[in-house]
Colleague: 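Have a look at the structure that comes next, please.
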Amino acid sequence: MDYNFKEIEPKWQKYWEEHKTFEAVTGSSKPKFYALVEFPYPSGAGMHVGHIRAYSGLEVVSRKRRLEGYNVLFPIGFDAYGLPTENTAIKTGVHPRKVTDNNIKKFTEQLKRVGFSFDWSRVVDTTDENYYKWTQWIFLKMFENGLVFRDKTLVNYCPSCKVVLSNEDSQGGKCDICHSDIVQRTKEVWYLRITEYADKLLQGLEEVNYLPNVKLQQQNWIGKSTGAFVNFTVKENGETLRIYTTRPDTLYGVTFMVIAPEHPMIEKHRANISNIAELDAYREECGKKSEFERTQLVKDKTGVKIDGLTAVNPINGKEIPIYISDYVMMGYGTGAIMAVPAHDSRDYDFANKFGIDIIEVIKGGDISKEAYTGDGEMVNSGPLNGITNKKDAIEKALAILEEKGCGERGVQYKMKDWAFNRQRYWGEPIPIVHCPHCGIVPVPYDELPLRLPPVENFEPGEGGESPLAKIDSFVNCKCPKCGADAKRETDTMPQWAGSSWYFLRYCDPNNSEALASEESLKYWMPVDWYNGGMEHVTRHMIYSRFWHKFLYDIGVVPCPEPYAKRTAQGLILGPDGDKMSKSKGNVVDPNDVVDVYGADVLRIYVLFMGDYEQAAPWSDNGIKGCKRFLDRVWALSDKLVDGNEYRPELMTAMHKTIKKVSGDIEAMKFNTAIAAMMSLVNVIYEVGSVNHAEYKTLLTLLYPFAPHAAEELYSSLFGTVLSNQSWQEFDETKTVDDEIEIVLQINGKVKEKIMVPAGLGKPELEAIALESERVKALTDGKTVVKVIAVPDKLVNLVVK
RNA sequence: GCGGGCGUGGCGGAAUUGGCAGACGCGCAAGAUUUAGGUUCUUGUGUCAUUGACGUGCAGGUUCAAGUCCUGUCGCCCGCACCA
């Protein structure tokens with residue numbers, strides 16, 4: 001038989017499609033298994049091998065699960081709204097709808113060529129009006145529940161993409177889409193109140209099975225801190241200056257206060273401030289800095305003292321100066337801090353530069369050299385003096401604050417509300433109407449979907465307004481409440497909207513009455529295993545958990561967490577070890593690999609190249625080894641002999657391999673699973689023949705990895721289709737050889753290896769070791785001080 | 001600065017609870033087959049050395065035994081970052 005993958009692969013792909021082999025059945029009595037991979041953004045460049053690796057992990061698990069008798073939902077779709085498509089449209093003049101359709105077609109062809117066992121009857125496209133109708137519906141539900149608001153404040157703005165970005169999309173001060181520097185602008189935009197769910201998002205992590213560093217990154221991103229709000233007073237006008245601190249225990253060490261340059265107090269009290277011109281100059285200077293520059297940790301602090309305003313420390317009545325400085329951010333806490341230079345290194349740097357007092361309140365450091373942030377006995381702190389434990393000191397300080405009514409416990413999160421908008425065309429229209437009489441009015445549910453109008457010109461406006469603003473027929477409308485002339489919101493939703501709930505739609509993708517039926521959600525949710533990239537952990541993962549938790553709270557979904565388990569695959573690097581990128585020209589196109597080696601070889605190689613969770617460089621040589629392996633499996637069909645039971649010479653090898661491959665797939669150790677199959681094939685070649693039982697087992701183990709070759713061999717040799725068969729079982733007792741090689745060591749050095757029956761006890765092993773001729777020779781004239789025997793492993797003689 | 005991870009042959013990478021370091025694959029070498037190249041097959045392949053020694057970034061430690069545990073140190077990668 002010839003291994004002609006060019007014929008075999010399309011043949012089986014067609015067979016699976018015609019026989020609906022991978023269609024999931026909602027309500028089936030089989031146990032359900034929902035495997036989810038991150039659906040791709042269909043870019044013009046097509047897929048690269050990284051996509052293939054990302055999907056291959058759960059592809060293998062899904063194929064195995066089906067053989068194990070599960071009803072498997074393994075869906076795919078397209079996350080198709082987004083800037084790159086729109087930019088292509090602007091450049092080429094082709095409408096984004098057309099660009100998207102072409103790209104989806106290209107991706108679909110590529111995915112099908114690789115033979116993934118997706119349920120193609122459930123494909124979702126986030127730009128389909130039957131899909132985004134429900135994205136808008138969820139938005140309106142959030143609006144209804146007070147989770148949507150508009151605010152005019154500083155936003156992250158990308159001057160290149162001409163859009164406002166969320167905090168998650170501007171990490172490191174760089175635009176997530178084009179990587180240019182973000183600037184801060186004051187703008188009125190839409191927000192989703194994700195901070196309201198901060199605690200739930202944090203607590204939910206305790207009930208899910210995520211990779212430890214996925215959990216950790218989310219915890220850090222949410223960034224919960226506990227402390228206290230303290231109300232200082234401004235002496236000149238008696239007003240309150242509220243701060244947040246995690247260290248209320250150091251209140252007696254406060255020697256000055258700092259407020260952010262944007263703090264509203266300055267505008268409010270302009271009349272009281274004698275050096276307002278100087279402050280304005282500094283504030284203007286800060287405004288010019290990019291967010292990235294602002295957040296660089298710098299020793300050299302800058303700032304200006306506010307003349308004419310003095311703060312009063314509520315705990316001891318002490319009067320202290322107030323400064324403005326850009327090391328205090330308006331976006332965290334209250335935008336104002338109490339500064340304790342003795343015990344905070346930033347305050348320490350600032351105090352040194354401006355010649356401010358430094359008062360030690362915790363013993364243990366040398367504050368003439370640096371701030372001391374450790375624990376120690378409280379001093380110079382009135383009633384707190386003598387307390388040696390930080391926790392006790394904080395509790396005492398809180399008690400005093402509460403008694404005086406000038407402060408209370410508080411919690412802060414690093415996570416900010418989600419700036420939910422794009423001033424662009426290719427996104428879901430935000431279903432809101434601005435009425436001159438009624439204000440902000442939601443579009444009624446029965447008017448959904450609010451369709452994206454067809455336009456000719458998608459160029460974003462220079463003033464940061466959406467292209468939709470230019471479409472009069474879209475903008476002008478009647479207020480749904482009072483019927484007066486009104487205007488539609490023209491911003492669209494950000495890229496992440498559609499992906500925040502797509503896993504729900506897969507459960508029931510064609511439902512026109514609901515985002516998915518209650519029955520289907522109850523049956524399929526939660527996702528049993530979600531695999532994707534680490535880059536989505538603090539964006540998509542957080543967003544979608546937030547939406548899901550909201551939908552749970554309003555009774556739409558049956559479970560509080562969307563994903564029971566989350567793993568992540570490593571990147572495929574270019575052959576040069578660099579990240580694959582178009583600009584470096586080191587991108588490998590899966591189509592090219594399939595042309596030369598076939599889909600099965602590609603699938604095996606992307607999993608064999610290294611630890612699934614680690615990055616690994618592509619190697620054109622490495623893939624040849626996988627091709628040889630498959631050829632060797634194929635060639636075994638010429639060495640087939642009769643026999644429906646494993647032969648003794650292969651018994652342990654068969655059981656061992658089943659155990660190893662089964663376990664490794666569950667642990668995502670695909671590389672060692674493949675290595676185990678390679679070893680088995682090597683052993684079979686040593687034996688010289690393979691019987692029916694043995695070959696069936698080998699092909700079954702191989703099936704999740706190389707399904708086309710496995711199906712072809714299995715069906716042509718045994719007359720049945722492998723996808724309808726069962727996964728192989730192993731017998732634990734048969735995974736060990738009768739005879740085992742054990743090592744004899746003298747003083748920890750290997751001196752001899754001998755075969756002994758498996759399962760021998762320590763005394764027997766010791767006796768055997770001492771009888772060994774070689775051991776006798778080497779221990780001659782010396783004293784055996786100690787004998788350590790480890791059953792089935794080794795015997796070590798300690799000799800003097 | 002904080003948090004996480006990694007460091008093993010020429011290369012990608014293996015190594016449950018501490019128990020034969022280098023599985024599997026690539027590459028390389030020699031041989032066989034072939035008109036030749038490629039393919040395929042066989043054998044070998046950590047380093048040094050004539051029996052043996054040394055070897056998992058480096059330096060210590062614990063142990064009969066350490067890639068694995070402990071202490072210190074160097075290097076690389078990733079995430080967050082003036083978060084009060």
Side-chain angles (χ1 to χ4, degrees), chain A residues 171-173 211-221 223-225 227 243-247 250 257-258 260 292 294-299 301 325-329 331-340 343-347 349-350 373 412-416 534-535 537-538 571 573 577 604-605 608-611 613-629 631-632 635 663 667 669 671-682 685 741-753 785-799:
Chain A
Q171 298 185 20
L211 285 181
N213 60 341
V214 170
K215 271 192 198 182
L216 210 71
Q217 273 194 34
Q218 293 202 2
Q219 280 162 1
N220 289 342
W221 186 256
K224 183 176 182 172
S225 89
I243 61 98
Y244 175 73
T245 181
T246 53
R247 297 296 303 273
T250 61
M257 299 188 76
V258 187
F292 187 65
R294 270 291 290 275
T295 56
Q296 284 308 291
L297 194 144
V298 281
K299 278 271 167 196
K301 299 272 185 287
S325 172
D326 65 357
Y327 85 92
V328 173
M329 305 290 147
Y332 185 80
T334 62
I337 62 160
M338 63 177 217
V340 186
H343 306 291
D344 180 286
S345 61
R346 295 153 305 179
D347 298 345
D349 294 340
F350 193 89
T373 53
Q412 280 292 299
Y413 299 93
K414 283 197 223 175
M415 189 169 68
K416 295 178 192 169
M534 283 305 292
E535 70 275 17
V537 166
T538 54
L571 292 174
L573 306 172
I604 291 177
Y605 179 60
F608 182 65
M609 61 197 303
D611 185 323
E613 288 172 9
Q614 299 296 128
W618 182 267
S619 155
D620 286 324
N621 271 327
I623 197 167
K624 286 183 197 161
C626 296
K627 168 81 169 127
R628 270 176 216 154
F629 165 60
D631 284 343
R632 276 161 68 79
K669 300 279 175 206
N671 53 339
T672 49
I674 295 165
M677 288 188 279
M678 289 173 167
S679 294
L680 177 63
V681 169
N682 291 344
Y685 270 93
E741 187 183 71
I742 67 157
V743 171
L744 302 187
Q745 295 180 337
I746 291 177
N747 292 336
K749 307 265 186 224
V750 179
K751 293 300 173 190
E752 199 183 5
K753 299 176 182 183
V785 183
K786 199 174 174 186
V787 183
I788 297 108
V790 183
D792 295 345
K793 289 262 160 66
L794 55 75
V795 180
N796 187 21
L797 306 176
V798 186
V799 169

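All values reported here derive from a predicted model rather than from experimental measurement. Protein chains get the first letters and strands the later ones, always in sequence-line order, with residue 1 at the start of each. Just so you know, these numbers use all the heavy atoms, side chains as well, and skip hydrogens, waters and symmetry mates.
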Colleague: Heavy-atom nearest nucleotide on RNA chain B for A:M338 versus A:T672: which residue maps closer to 5'?
Modeller: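 In this pair, the answer is A:T672.
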Colleague: Got a donor-acceptor contact below 3.5 angstrom from the A:Y327 side chain to the A:F350 backbone?
Modeller: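 Not a single qualifying donor-acceptor pair exists.
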Colleague: With a non-hydrogen cut-off below 4.0 angstrom, is A:L794 in contact with a base, only sugar-phosphate, or nothing?
Modeller: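 Result for A:L794 = base.
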Colleague: With a 4.0 Å limit, can you tell me whether A:Y332 has a side-chain N or O closer than that to the phosphate oxygens OP1/OP2 of B:A84?
Modeller: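 Result: yes.
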Colleague: Could you check whether A:S619 gets within reach of a base, just the sugar-phosphate, or nothing at all, counting any heavy atom under 4.0 Å?
Modeller: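 Result for A:S619 = nothing.
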Colleague: I want to verify a distance call: between B:A14, B:C64, B:C26, whose nearest atom is closest to the A:N671 side chain?
Modeller: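 Of all the options, the side chain of A:N671 is nearest to B:A14.
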Colleague: Whole angstroms only, please: what is the NE2-C1' distance between A:H343 and B:A84?
Modeller: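 My rounded result for the distance is 15 Å.
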Colleague: Choosing from B:G4, B:A53, B:C24, which nucleotide comes nearest the side chain of A:N682?
Modeller: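 Between B:G4, B:A53, B:C24, the one nearest the side chain of A:N682 would be B:C24.
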Colleague: Check whether any side-chain N or O of A:R628 sits under 4.0 Å from OP1 or OP2 of B:C26, and answer yes or no.
Modeller: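 It does, given that an N or O in the side chain of A:R628 lies less than 4.0 Å from OP1 or OP2 of B:C26.
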Colleague: Reckon A:Y413 touches a base, only the sugar-phosphate, or nothing at all at heavy-atom distances under 4.0 Å?
Modeller: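 Here A:Y413 touches no strand at all.
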Colleague: Heavy-atom contacts under 4.0 Å between residues 742-750 of chain A and RNA chain B, which residues?
Modeller: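 Per residue number, the list reads A:V743, A:Q745, A:K749.
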Colleague: Taking both distances under 3.5 Å as the test for a Watson-Crick or G-U pair, what stems of at least three pairs does RNA chain B have?
Modeller: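 Stem segments, range with range: B:1-7 with B:74-80, B:10-12 with B:24-26, B:27-32 with B:40-45, B:46-48 with B:52-54, B:57-61 with B:69-73.
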Colleague: Once hydrogens and angles are ignored, does a donor-acceptor distance under 3.5 Å link the base of B:C82 to the side chain of A:K301?
Modeller: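 Result: at least one qualifying N/O pair found.
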